[in-house]
Amino acid sequence: MSESAPESVPPAPESDPAAPAPPAVPRTPTGDAGVDARLARLADADHLPTDGHLGVYEDVHRGLRDALDALDARPDHPAPAPR
């Protein structure tokens, strides 16, 4: 019998309970593909350092604002009357 080298087992990832963790906030689909895509983009912030979050949030906010503006521009969805 020949002796073979033992298989290399990768070390278990270290778990640091004090390390930041994604908030794991559930995102309920809205039924609007554009809005849902923007909300899904929020997950990108989970993998960035804190100083990278602002860019993601601004991008999502801009996209959601554009989606609302597009609704106002549609003739089949008139803007609500002022009170």
Going hydrophobic residue to hydrophobic residue with side-chain gaps under 4.5 angstrom, can you get from Leu42 over to Leu64? yes
Any chain of hydrophobic side-chain contacts (each under 4.5 Å) joining Leu68 to Val35?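 Each belongs to a different hydrophobic cluster.
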With sequence neighbours left out, the residues meeting ring-ring contact (aromatic ring centres under 6.0 Å, His included) with His61 are none
Pairwise distance CG(Leu48) to CG(Leu54) - rounded to 0.5 angstrom: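 The CG atom of Leu54 is 11.5 Å from CG of Leu48, to the nearest 0.5 Å.
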Restricting to pairs with a member in residues 43-55, which pass side-chain hydrogen bond (donor to acceptor under 3.5 Å, both in side chains), not counting sequence neighbours?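 Non-adjacent pairs meeting side-chain hydrogen bond (donor to acceptor under 3.5 Å, both in side chains): Arg41-Asp44.
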Tell me, which pairs form a salt bridge (Lys or Arg N to Asp or Glu O under 4.0 Å) where one or both residues lie in residues 29-39, sequence neighbours left out? Arg38-Asp59
